[in-house]
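In what follows, a structure is listed as structure tokens, so that the remarks can point back to it.
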Protein chains: 2
Amino acid sequence: MPIQEKRLKQKAAVKDSILCAARTIVLKEGWQAVSIRKIAEVIGYSLPVVYKHFESKDAILEEFVKQGFELLSELMLDTKAKETTAEKQLTAMALAYFEFAFSKREYYQMMFGLGMPTCERVNQINEIGKFSSIVVNTIQNLINEEEVNEKIILKFHTFWSILHGLSSINMVNIAATPNEMQQRVLLDAVQGFIKNINN
Amino acid sequence: MPIQEKRLKQKAAVKDSILCAARTIVLKEGWQAVSIRKIAEVIGYSLPVVYKHFESKDAILEEFVKQGFELLSELMLDTKAKETTAEKQLTAMALAYFEFAFSKREYYQMMFGLGMPTCERVNQINEIGKFSSIVVNTIQNLINEEEVNEKIILKFHTFWSILHGLSSINMVNIAATPNEMQQRVLLDAVQGFIKNINN
DNA sequence: TTTAAATAGTTAACACTGTTAACAAAAGTA
DNA sequence: TACTTTTGTTAACAGTGTTAACTATTTAAA
């Protein structure tokens, strides 16, 4: 049945164009400026067509959260691959994470935008799990323990918290610290983390 | 001129009632549910009266950010006063900060709500400075250096990042880690921070 | 090939939102 | 009493998310 197949293909194409339009608006005007009417206009369809593909506006934004974690996961993998020791890997990943938070700022803000209605559903987003497992894996190598036990999860949460805290505080508090210093703060924190990892 | 004085007093009272109404809505329905019409209804005035006291909705929300940092600053001071050594003080403050982020969740989300239009103005909010100086002061005692130099600022940023990162990640990722564990993660990070403070 | 069903797409409306202009009423001043 | 300032109002503008009702168009069945 190439008829149904063609239909599904076209349907997916429209869905893609919706996300593409949304992304364009997000990058140009910020994610607060995203409106379904604007999206409809960009894709050249009327308003309710968007609702044929996404249950709500939040569903569209949630898609971005997924994409964001997907991008972040890939970045972590690529960065990790470029280094050999676990310590160097983790440090490089931290820097890459930090850089991601700013260069892909629109994504990052969606991924951690507090007050977003996605908060409850965020546990079901398995892209987060992907990211987590990559980092957990690296930490595991650093500790030299075989099983993923409670301690490693604890260390992972600590590590992630340091990264996210630094990113978001610098995001809110723009230019509160000079740019050269931001990296030093990050390295300071990460090095402290690594040194204390076996306590 | 007790006439003008009375006027100013009443004006301040209305302004207060606006903030009070807003706070009620925030605590009951979350800060996304705050609308000027709702506020107007609660205070018993018509809509444009609100605009006589606040330039915009954002200005009202910004007031909350200030109040939040004010509350946080007080909490930090009180917590600090209950301990004697700088190390204990800092640890207690970290726990108190963490607890604040959750018990006063609505405030905290406003204070760090990314994507809020207040981001640019946030530097001008001197309540943040108050909070900063309290923590900086404690860290200073821990390092035993007299002047507030770059290193101390760096350490402060690291410390704050750890706290905020932990708070907000746990906020988004509700119940991803069991509650008992959250405190252990925090203590783990803070102890690592303190141990490394002279490096 | 004609008819019935499913799908794609439309317009129009509902119930909201922030914000502001135009106007009325009350209070203070001369 | 007449004038000005302040206080408060209604009504509207432009926008939002969402949905109901309707119309073509295309597909499947008779």
Side-chain angles (χ1 to χ4, degrees), chain A residues 1-19 21-22 24-26 28-64 110 113 115-121, chain B residues 1-19 21-22 24-26 28-64 110 113 115-121:
Chain A
M1 286 152 184
I3 308 131
Q4 284 196 1
E5 203 179 309
K6 211 167 189 177
R7 274 225 164 126
L8 283 173
K9 217 172 179 180
Q10 200 179 2
K11 206 169 181 178
V14 175
K15 190 167 183 175
D16 258 24
S17 76
I18 290 173
L19 287 170
T24 307
I25 298 169
V26 167
K28 211 189 293 177
E29 310 173 60
W31 65 267
Q32 328 187 43
V34 175
S35 87
I36 295 185
R37 277 175 179 81
K38 278 185 196 165
I39 292 175
E41 200 193 12
V42 171
I43 66 173
Y45 284 102
S46 70
L47 219 151
V49 169
V50 181
Y51 284 92
K52 283 267 153 74
H53 296 272
F54 291 95
E55 208 182 19
S56 66
K57 188 187 175 182
D58 288 331
I60 300 176
L61 298 183
E62 200 176 294
E63 199 64 37
F64 273 89
M110 300 257 278
M116 266 182 60
T118 53
C119 276
E120 291 87 35
R121 294 191 215 154
Chain B
M1 286 153 183
I3 307 132
Q4 284 196 359
E5 202 179 310
K6 211 167 190 177
R7 272 221 166 131
L8 284 174
K9 216 171 181 179
Q10 202 181 1
K11 206 170 181 178
V14 174
K15 191 168 183 175
D16 258 25
S17 76
I18 290 173
L19 288 171
T24 307
I25 298 169
V26 167
K28 211 190 293 177
E29 310 172 60
W31 66 268
Q32 328 186 42
V34 175
S35 87
I36 294 185
R37 278 174 178 81
K38 277 185 196 164
I39 292 175
E41 201 193 10
V42 171
I43 66 173
Y45 284 102
S46 71
L47 220 152
V49 168
V50 181
Y51 283 92
K52 283 267 152 76
H53 297 273
F54 291 96
E55 208 182 19
S56 66
K57 188 188 174 181
D58 288 331
I60 300 176
L61 299 183
E62 202 176 292
E63 198 64 37
F64 273 88
M110 299 254 279
M116 266 182 61
T118 53
C119 278
E120 292 85 35
R121 293 193 216 153

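First the proteins, then the strands, lettered A, B, ... as listed; each starts at 1.
For the side-chain contact (heavy atoms from CB on, under 4.5 Å) test, residues two or more places apart in sequence or in another chain that qualify with A:E29 are A:I25, A:A33, A:K38. Every residue two or more places apart in sequence or in another chain that forms a side-chain contact (heavy atoms from CB on, under 4.5 Å) with A:K11 is listed here: A:H53.
Whole-Å rounding puts the A:F54 CZ to D:dT18 P distance at 13 Å. Between the CG atom of A:L8 and the P atom of C:dT7 there is a distance of 11 Å, rounded to whole Å. The separation between B:I18 atom CD1 and D:dT7 atom P is 13 Å, rounded to whole Å. Residue B:K52 contributes atom NZ, which lies 13 Å from atom C1' of D:dT10 at whole-angstrom precision. Atom-to-atom, CG of B:L61 to P of C:dT17 comes out at 14 Å; the value is rounded to the nearest Å. Taking atom CG of B:D58 as the reference point, atom C1' of C:dT19 lies 12 Å away to the nearest angstrom. The distance from atom CD1 of B:I39 to atom P of C:dT17 is 11 Å, rounded to the nearest whole Å. With rounding to whole Å, B:I43 atom CD1 is found 13 Å from D:dT9 atom C1'.
The distance from the CG atom of A:L8 to the CD atom of A:Q10 is 10.5 Å, given to the nearest 0.5 Å. With values rounded to the nearest 0.5 angstrom, A:I43 atom CD1 is found 11.5 Å from A:D16 atom CG. Atom-to-atom distance recorded for A:L61:CG and A:F54:CZ is 10.0 Å, nearest 0.5 angstrom.
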Produce the list of close N/O pairs, under 3.5 Å, pairing protein atoms with atoms of nucleotides 13-17 of chain D; give distances to one decimal.
residue: D:dT16; atom: OP1; partner: A:S35; partner atom: OG; Å: 3.0
residue: D:dG17; atom: OP1; partner: A:I36; partner atom: N; Å: 3.3
residue: D:dG17; atom: OP1; partner: A:K57; partner atom: NZ; Å: 3.2
residue: D:dG17; atom: OP2; partner: A:I36; partner atom: N; Å: 3.1
residue: D:dG17; atom: N7; partner: A:R37; partner atom: NH1; Å: 2.7
residue: D:dG17; atom: O6; partner: A:R37; partner atom: NH2; Å: 2.9

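Contact between B:A22 and B:V34 at its shortest, heavy atoms only, is O-CG2, 4.2 Å.
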